Amino acid sequence: MPGKLKAKIVAGRHLPVMDRASDLTDAFVEVKFGNTTFKTDVYPKSLNPQWNSEWFKFEVDDEDLQDEPLQITVLDHDTYSANDAIGKVYIDIDPLLCSEAATVISGWLPIYDTIHGIRGEINVLVKVDLFNDLNRFRQSSCGVKFFCTTSIPRCYRAVMVHGFVEELVVNEDPEYQWIDRIRTPRASNEARQRLIFLMSGELQRKIGLKVLEMGGNAVVGYLQCFDLEGESGLVVRAIGTACTLEKISTFPATATHPNNSSPSKDMKEPGFGEEAPGVPLSSGPPTPLRAQTFSSFSPSKSYSRQSSSSDTELSLTPKTVGIFLCPSTPALESESSPLPSAHLPCHLRPGMASRSTTPPPLHISQSDTAMLRKSVSFSEELLLAVSGMGSGGSAGKEAGPLKALLRQQTQSALEQREYPFFTLTAFPPGFLLHVGGVVSARSVKLLDRIHNPDEPETRDAWWEEIRQEIKSHAKALGCHAVVGYSESTSICEEVCILSASGTAAVLSSRFMQDGPLDTEHRLSRQPLCVFSTGSERVEGDMGSSASLGFEEVVSPGCGFCHIPYDELNIPFPAQLTYCYCCRRYKVPDVLFTTIDLPTEANVTGKGCLIQARLCRTKKKAQGEGNATAISSLLPFLEYELHTQLMNKLKLRGMNALFGLRIQISVGETMLLGLASATGVYLTALPSPGGIQIAGKTPSDITYEQHISTMQKKINDTIDKNKELYEINPPEVVEEIIGSPIPEPRQRSRLFRSHSESSDEVSELDLSHGKKDAFVLEIDDTDAVEDIHALLTDSPTPAGFYSCNTEIMPGIQNWTSAIQMFTSVRVFRLNANLTNQGLNKIFSDLCENLLKSLYFKLRSMVPCCLCHLNFTVAIPEDELIQVAVTAVAMSFDKEQPLENGKQSGEKTLIKAITENDEQLQFNLELNAETSSHNPLSSPKGLSEVGSHLSARAPSVDYSSFADRCSSWIEQLKLKAHTIRRGSVKTTSSLEKASPLPEGRSRSLRSNRSYSGSSVAVVKMTPLSFIPGAKIIKYLGIINMFFIRETSSLREEGGVSGFLHTFIAEVFAMVRAHVAALGGNAVVSYSMKECVFMENPNKNQAQCLINVSGDAVIFVRESELESTSVQTQSATTHTSNGGEGT
Amino acid sequence: MRLHGTHIKLTERSLYSVDVKMSVELDVFVGNTTIMDKEVYQLWLNGYTVNDAVKVRIEGGVMEECEASAEVLLSDTMDQYRTFQMCERLLHHPAKLANQLLFQIPPDRQAMLIERYYAFDDSFVREVLGKKLSKGTKKDLDDVSIKTGITLKSCRRQFDNFKRVFKVVEELKGPLVENIRQHFLLPDQLARDYAAIVFFANHRFETGKKKLQYLTFQDFAFCAGQLINNWTVGAVDNMMEDMDVDLDKEFLQDLKDLKILITDKDLLDQHKNLVCTALRGKTNVFNEMEANFKNLSRGLVNIAAKLINAKDVRDFFIDLVEKFIEPCRSDKLTSIDVNLYLTHYTNSAHILDTFKHHAVWTRYMGVIKSCILRMYHD
């Protein structure tokens, strides 16, 4: 009997008139949880009933608490006939199950009916009393926190990042059951809503169990999706990143007492408290043997779905255990050795022991210290070590025993994970070492009925296949991990395209014990003592201090750009040069990623949204034939999307894409491809070359002229764009570029061999031969179209910027004015069109949609549309649906100079203190993203001084003439990898310099809508709110609604219907957040918007699924006024874990 | 939630065609904070169709300002119209706007929406002032629309507003203006105007006669304010037992007693002498005033005496014009003259020894004087 759920129905308001005769309603309420139902009294003849009921108590298992929603039904009492339902409210109890989230749900919630929409509101109170569960076989995972946010949530720090968790559950879709023929649409919709509620609850609980098993306490980057497979069923699946999070005390009171009594903190304290002194920093290099012992410690399969319940007791052991014994912990805190008690838990866990040989505690502690030592110079070695992995031992160049060891550890830790995937897109500084490029995989499947919902093997196997492929692609790129990982599907009839994509990366091993140090550390931090704490964050934070005594130093601004693969054995053709920041390591010419721009990255100028849009016709077909047809079209589609992206990127004078998201949608007669990303100019990468057009038959004079005018247009556009986005890297020329240009073909073979699904199609050579990818030949009409398409992308109107990532490089001083919006359009294609015609139309409609958005939001100028998320679908033949959700954020144009100098996001989103003298080494200062500032601080200079002198003015353009474009080699029937390709002409050197004096307070909170009787709830797809500080996460919001009408015309047609519905969904999200005590939703997204209409029958139906994190935020201005004194101690701690 | 699909026809298969190859079937934009353009709102309130509104906007130059195309403008206008339509239901009960959950609208925006929704055209209100707010009147709105040049849709909105406010305050006790302000969250001046409209509709004051055409709505509103503040029950009784809408019956009854001023010959002469003595030498039109005194006095006192009959209440303004203003005007009295005359006329009555109804006289003449002065213009 682990939980008691209590609910009280207080009152109703704005109820609809249910009795036409009296124009009133006799309302009563049914409160249902599981199979128990309570009723209130009938409150006669009122539209604003005051029930003020007793507390209804449900005594239930916590498993049920997680799975089931509390269902509140408002009815109209009718003496003679059946009572009429007014509407329902589903309340997700989950936020109440976690001690750190909400404690009570109380407020006005809209009463929702799937036919009539919102019909009044009801005021309820819900509480949960949880008893401690000592049952070792428990199936619940209460207390595991879920976050949609794809970075470490703002008031937490990551003690450890455990890794990928996934789960899926399947069921029959009630809409397709036989009973649906005899029940009302309302009953059918409600059955569906309820089922999905149950399924997501179950899914969340199961994922939670896995997390507990891994020793984590939270899931970050939780992404849950529905696959409405029609006849074959309903799939709810989710992925996420398991973490151990620790709350950062944000209030002055707790800051002054670092050893406060929060349970999680207590457990940590011994570790951090007794750091340093006893650690033998100078201990000799540990032997590989020890390291192996250590790594064997990890249970290899603990995250696999076959988790046995005998292991679940793990979750009941103290959290400290997780730190030391987690499989993914090669690098441990030094303090573990002086604390033998820390090893105790491993003996207490038979489940673990049985899986691996339990090493003597001595070994552990030794390897611990070894780890510590190594971690100091970790990143670069890791690079070598890992790049060696792909090439079969070519890394031996410098690899001493130390490196070999390191490699083994990192590898083993990651390889033992079934999938070394991370759904995070932003990371604590120093976590992300190198980025390899985008990896993606697609697979076309034929759906069949799910026979046994309890054994969702087929769907699991499908995803398994894809993940394996992703994993092998990452490996081929010399990377051991995939970050910014996501999965999606597109379904049309019985064909389903499964897609997964992510960014291959090399991560710091300290992700096991990452993090922001706690308060004391930060305050006492000095370059040297940082080492004694055993934290390598220093490396990420400040190259300068890390350079003391260690040759391999990676500066935070460019480190992630350095190639993770072996340059002698490049998996694909790429143009390598020395990094334009540090001059030491090789970087590619172009970088594509699915993650957010790292806050510490050096960026020149501003970024912009870049979209590639493509539409391809397809013959109508059935079954296998259809699947085959789609399969064979996919590689072409991806190739063209890639080419478009690359061209558009060049046209803007940029060299990197972040947040790349490629969506492929399948319809009966066409395929749609939409790739969105944010282009930026990474200072570390070479400047992109221009685009050259060439004709194959240069005989005709007029033709030549035509070409030259086009060329001129293109060049003009590039110049204009450079000006627009302020891309003006100093013209620094380089002398040495000894990058070997590999033979594209041979290398890519190697790469391909890693993926299972390579078959005939991979042999297709779709590239423009071996020519430069950026010479466009225009003798075929396609190319002419391409060029036109390039030039028709209209620039954003003055005062507007746009990106699909969290933040825009180069913009810092956000005001508090934000406007989240959703826009949906459905287009009908009226004529039979060719591919080019379709392309043009599709491109135009996306452009027009953007233009409309700019127009709508013109009052917010200057502003940036952030996190522009496009979703395309083909609801039926000839129809294209485009949905966009984004947030418009105003910024101040003033003080561009001062702010331009500092990297902003970090400084922006946190409270800033006056007395930061002693904190000047803090990471936010070093997290420079861009600097137009020609000055380098002494510190910066000293760091790169040697490189400065190494530069000489000469450019070797010719070596880049033969460009690689044969990335297409990797295209396969079902999967392929996108990475870079590219070109460069000039170089620049710009070193971000820490300028302590440069910090500024940025955000003023202007407007607040006080005085309204309804609490204002902000919504944003971003993980933060400008000018405000998130002080509490109240739990995940995950809501699913169905709306149907059989009086479409009367409700204003399809637009009126959908407009109302979306507004209602927003209203319900806001109300539930407010009831939890929150005032904002962050990381909001609309994951599903399925709209179907039948105008002839005057009917329409729509399904919407939204999610986000309910939070409480406070304005910075308010914070500052209360705690200027203590902030120096607190605000910085809060900051470490948050990647923007 | 049902929408009244009267404003825009969204029921056609497609909203608009981009070109021959493609048409937009569905186009919505929903912001977490509801975006409303004041200009478009005004066009909507004015009853413009979407297409006309787009034309007006294009002429207004918004396109050049924002680098937009006609298509963008059309999409935006339709979207805004739809939003307003969805809000209209709430605007009918402005208090609901503040505690509804569907639209997140900042309070200053809410106030703007309400104020503009309840704003009306003086030329329109002049047409229906004092008329019964019935279906019959509503049917005649197309004539009003033609006459005033205000779109029928806008006329209907304004008429429905009048009717709605009327219905609500009809049943409420307490001060009329305050009730309107609280119930409809209107600014003070607008609430007063509505009070006037309600008051006129309630008493069915005749305002449409040709002789009254020269009077503006604000003239009538002023008079209504005077009547409400002085002649209703609420004006004297702070207990607010009764409503402001109805005239104080007792007072009307007492007004009959004033007849003595004209029926008693002595009293009439005495009154005239007092007034003439006071006026002599102070005005150029003394002779006309003297000649007309009995006539004017009879007129005013007769109006008072008749007010007990509801039917005669309706003719209050026409009577004022016919019995007092027109004679004065034909004698070419300036409003200063009229003021002077009425002041002495009122004050002198108090000096009459046999005249006992001072309180009623003051209450009556105070209102009459200010109404006449307000109405005494071209």
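As the structure is a prediction and not an experimental result, all values here were calculated from the model. Atoms considered below: every heavy atom in the structure, side chains included; atoms not considered: hydrogens, waters and symmetry mates. Chain A is the first sequence line, chain B the second, and so forth, proteins listed ahead of strands; every chain is numbered from 1.
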Query - Flag, side chain of R157(B) to backbone of L45(B), donor-acceptor distance under 3.5 Å - result: yes
Report summary line: Cut-off 4.5 Å, heavy atoms of chain B, and the answer for A798(A) is both
Query raised in the report: Does E121(A) use its side chain to pair, donor to acceptor, with the backbone of L109(A) at less than 3.5 Å?
Result: no
Report task. Heavy-atom distances under 4.5 Å only: say whether D79(B) touches chain A with side chain, backbone, both or neither. Result -> both
Query raised in the report: Any idea which of H14(A), M1068(A), K851(A) has the most non-hydrogen atom pairs under 4.5 angstrom with chain B?
Result: H14(A)
Query raised in the report: Just checking, is any N or O donor in the side chain of Q1101(A) or N1094(A) under 3.5 Å from an acceptor N or O on the other one?
Result: no
Query raised in the report: With a 4.5 angstrom heavy-atom cut-off, which part of F800(A) approaches chain B: side chain, backbone, both or neither?
Result: neither
Query raised in the report: Side chain, backbone, both or neither: which part of A1063(A) has a non-hydrogen atom closer than 4.5 Å to chain B?
Result: both
Report task. State whether a side-chain donor-acceptor pair under 3.5 Å links Y118(B) with R164(B). Result -> yes
Report task. Could you tell me whether a side-chain N or O of R204(B) sits under 3.5 Å from a main-chain N or O of K131(B), the two making a donor and an acceptor? Result -> no
Report task. Quick one: list whatever passes side-chain hydrogen bond (donor to acceptor under 3.5 Å, both in side chains) with N32(B), sequence neighbours left out. Result -> R1070(A)
Query - Contacting region of L879(A) [heavy-atom separation from chain B under 4.5 Å] - result: side chain
Requested in this report: Select one option (side chain, backbone, both, neither) describing which atoms of L857(A) are under 4.5 Å from chain B's heavy atoms.
Outcome: side chain
